[in-house]
Each structure stands twice: as C-alpha cells, then as structure tokens.
> 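Before I ask anything, let me first share the structure, which is written out below as structure tokens.
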2 protein chains.
Amino acid sequence: MQRKKPDIDRVFHALGDPSRRAILEKLSQGPISVSKLAEPLQITLAAVVQHLKVLEESGLVQTEKVGRVRTCRLEPAGLSVAAEWIGARRSMWERGLDRLGDLLAEPDEKWREKPPRP
Amino acid sequence: MQRKKPDIDRVFHALGDPSRRAILEKLSQGPISVSKLAEPLQITLAAVVQHLKVLEESGLVQTEKVGRVRTCRLEPAGLSVAAEWIGARRSMWERGLDRLGDLLAEPDEKWREKPPRP
DNA sequence: GAAATACTTAAGTTGACACTTGACAATCGC
DNA sequence: GCGATTGTCAAGTGTCAACTTAAGTATTTC
C-alpha cells in the first residue's frame, strides 16, 4: 500500500533493521557517543549517523551535541508506542480466540455486511 | 549492515508495513478468508497473498486451506516475540535511566575496555 | 462439463533503503 | 596555529521489497 508514515509506522520500520536494533541494545546500557556506538558495528560512521537519524525521527532515541561530541540516549516513550500497539492487538487476539469456535462454525458475514433486520 | 534474518528480524520487518498491520488488525477480529481480507484494502489480491506469505513466515499468522478457500488466523506466539524484545529493552532502559547521572558524570570506559587491576 | 470462484505463480517495474566514498566543518589538545 | 578527533553532508551504487498484470490451477455450482 505504501501510504504516508504516521508515528507507529516509523517506529516499527526503525525496529525492523538489525543494525538499528544493535544500536538500541547498546544504548540500553546507557548514553554513549556516536563513534563509540559505531565501533563494534561493522559499518561506517556515516552509516551509523544515518541510522541514528531514523531512530531519532521515530522517537526512539534522543541526541544532544556538546562540543564536537554527540551523545545519544534512549527515549523510553518511543518504545511504548510499539508496546501499546502490540498490547492492544494481543488482547483483541485473545478475546478473539475465545470466540474462535463460534466464528469457525458460523459463516463470516459477521463483520462485513449487516443483513436487514425485518 | 543487512545480515541474514533471525526470527525477531522477520517479525519486526513484517510489522513495519502498514498493509500488513492492517491485515493483522482485521485478523484480530477473527479468522477470515484471503479475499475477504483483501476487499477493504486498496491493493490486488496477489499483493495480499504476498503479504500473507511474509506474515506466515514471520510466525505472526497461520493459514489453512480447505477446498478452494484459505482461512487465515493470528498466531499469538508471533507477537510475543516482539513484545518480549521490547519488554527486555524497556527494563534495561529504565535501570539505565536510574544510573544516568553516574554515566554522564563518569568517562565512558565503563563497558568497552577494562583497565588492568594491579 | 462449462462457468464461476478463490486463490496461486511468474515476471516485470518502480521506488526505497542500507551502505560506501570522499570532501568538508567544528572543536579540542598542544 | 596545527594536527588530530568527531561528526556531517552529498552523491552514487546495488539490492530488496511492494505492487501490478497476466496467465494458470483447483474447487464448487449449475
């Protein structure tokens, strides 16, 4: 479909990349500079900076530059967006599973068209 | 970096697409056939089938074909993988935030190299 | 058994995205 | 000031992924 990106979209897209998740793991140990962040990864500093841009735009990471050093840290609120989406789906899920027998037994005109009630 | 894909990678990648999330939302209301699934989306049936393949390989969805109809349903375990990853990161996060003051005050040779202890 | 339904598969297009290289800018230590 | 450190920007490249169209395969219905 590829529509424009609301917040949730950015967050999940950001989480979808292994390098970015590696960055988040590192950051979960505490704030750190860009170059220290890049060191263990096998990509260039420039690439890390690009990932950081994505992470920052998605609200998962915050950065602040002091002198020539940019320090990065996690933004707890960012992950919450994802956690909440998943949580909501999961609960509907489980409610749905309770009714699973019903839904399988019945035909599925349940949530598409409502036949006229005479 | 773009390495090969472990499970968690597939799951987050799958969640990163709006069409696929739309499919999951629909499925969270109960099992449904492929064409019913495709109807409200503005993409072709073929595209939906491709999305379903991704969702199935990531473990988020299960499908079963009976006669000529393929019925799709959510796989609760799939989302758990994502939920757990997020949960783990969040808790480290929060522990990290407590120590934030320390980490900012100290230099950061904390988690990279351990100087020899005489 | 012919027509309709419900997918399935293959091939091709297009745009996004991860990465690189190389040049540049700001700041720190001396 | 000068050199080293630390990051930033702009192109450019190659790959992947989302879609489409079009043709094909089972199944069911009449």
Side-chain angles (χ1 to χ4, degrees), chain A residues 1-6 9-24 26-27 31-58 60-73 107-109 112, chain B residues 1-6 9-24 26-27 31-58 60-73 107-109 112:
Chain A
M1 209 186 278
Q2 220 63 338
R3 328 189 194 79
K4 65 162 182 280
K5 313 205 164 189
D9 213 302
R10 284 206 164 104
V11 171
F12 277 125
H13 171 245
L15 288 173
D17 183 89
S19 298
R20 285 193 289 263
R21 283 203 310 283
I23 288 175
L24 292 177
K26 204 67 158 176
L27 286 180
I32 190 176
S33 74
V34 175
S35 35
K36 284 276 161 64
L37 206 45
E39 227 171 51
L41 302 175
Q42 269 145 26
I43 51 177
T44 58
L45 222 203
V48 171
V49 169
Q50 287 169 22
H51 282 307
L52 278 172
K53 198 175 167 230
V54 172
L55 287 167
E56 204 168 0
E57 281 172 353
S58 73
L60 286 165
V61 164
Q62 255 196 341
T63 75
E64 187 196 6
K65 194 160 185 177
V66 172
R68 62 185 165 175
V69 174
R70 175 172 300 275
T71 300
C72 315
R73 74 183 44 133
D108 53 359
E109 53 220 350
R112 277 224 56 251
Chain B
M1 207 185 282
Q2 218 66 340
R3 329 187 194 81
K4 65 163 181 278
K5 315 206 162 186
D9 212 301
R10 286 206 163 105
V11 171
F12 276 126
H13 171 246
L15 289 173
D17 183 273
S19 298
R20 284 192 293 260
R21 284 205 309 284
I23 288 174
L24 292 177
K26 203 68 156 174
L27 287 180
I32 191 176
S33 74
V34 176
S35 36
K36 283 278 162 64
L37 206 45
E39 227 170 51
L41 302 175
Q42 269 144 26
I43 52 179
T44 58
L45 223 203
V48 171
V49 170
Q50 286 167 22
H51 281 308
L52 278 172
K53 197 174 166 230
V54 172
L55 287 167
E56 205 169 359
E57 282 172 353
S58 73
L60 286 165
V61 164
Q62 256 195 341
T63 75
E64 187 195 6
K65 194 159 185 177
V66 171
R68 61 187 166 176
V69 174
R70 177 173 298 277
T71 300
C72 315
R73 74 185 41 136
D108 53 2
E109 52 221 348
R112 278 226 51 254

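Letters A, B, ... mirror the listed sequences (proteins, then strands); counts begin at 1. Values in this document were obtained by computation on a predicted structure and should not be read as measured data.
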> For A:Leu41 and A:Ala22, work out which heavy atoms get closest and say how close.
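So the minimum-distance heavy-atom pair works out to CD2-CB, 3.8 Å.
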> Atom CZ of B:Arg20 to atom P of D:dA17: distance rounded to whole Å?
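Interatomic distance, CZ of B:Arg20 to P of D:dA17: 9 Å.
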> B:Asp17 has an atom CG; how far is it from atom P of D:dC16, in whole Å?
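One finds 18 Å between P of D:dC16 and CG of B:Asp17, rounded.
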> B:His51 NE2 to C:dC7 P: how many Å, rounded?
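About 17 Å, once rounded to whole Å.
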> Taking all non-hydrogen atoms of both residues into account, name the closest pair between A:Cys72 and A:Leu27 and its distance.
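So the minimum-distance heavy-atom pair works out to O-CD2, 3.5 Å.
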> Rounding to an integer number of Å, can you tell me how far B:Lys53 NZ sits from C:dC7 C1'?
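From B:Lys53 NZ to C:dC7 C1': 15 Å.
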> Check nucleotides 3-8 of chain D against the protein and report each pair of N or O atoms closer than 3.5 Å, with its distance, or say if there are none.
residue, atom, partner, partner atom, Å
D:dT5, O2, A:Arg68, NH1, 2.6
D:dT6, O3', A:Arg68, O, 3.4
D:dG7, OP1, A:Val34, N, 3.3
D:dG7, OP1, A:Arg70, N, 3.4
D:dG7, OP2, A:Ser35, N, 2.8
D:dG7, OP2, A:Ser35, OG, 2.1
D:dG7, O3', A:Lys65, NZ, 3.4
D:dT8, OP1, A:Arg70, NE, 2.7
D:dT8, OP1, A:Arg70, NH2, 2.9

> Minimum heavy-atom separation for A:Asp9 and B:Gly16, please, with both atom names.
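The answer is OD1-O, 3.4 Å.
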> For A:Val66 and A:Thr44, find the nucleotide of DNA chain C closest to each by heavy atoms; which residue's nucleotide sits nearer the 5' end?
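Result: A:Thr44.
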> If you take atom types as modelled and just measure distance, does the side chain of B:Gln50 reach the base of C:dT9 with a donor-acceptor pair under 3.5 Å?
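Per atom types, no contact qualifies.
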> Which whole-number value in Å describes the distance from B:Glu64 CD to C:dA6 C1'?
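The answer, rounded to whole Å, is 16 Å.
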> I need the CD1-P distance between A:Ile43 and D:dG14, as an integer number of Å.
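Atom-to-atom, A:Ile43 to D:dG14, this comes out as 20 Å.
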> Do you know which two heavy atoms are closest between B:Arg20 and B:Ala14, and how far apart they sit?
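Shortest heavy-atom contact: NE-O, 3.0 Å.
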> My understanding is that only residues two or more places apart in sequence, or in another chain, count here; which of them pass side chain to side chain donor-acceptor pair (under 3.5 Å) with B:Glu56?
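Listed in chain order: B:Thr63.
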> Determine whether a donor-acceptor pair (N or O, by modelled atom type, separation under 3.5 Å) exists between the side chain of A:Arg21 and the backbone of A:Leu15.
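Indeed, once roles are kept as given, a pair shorter than 3.5 Å links the two residues.
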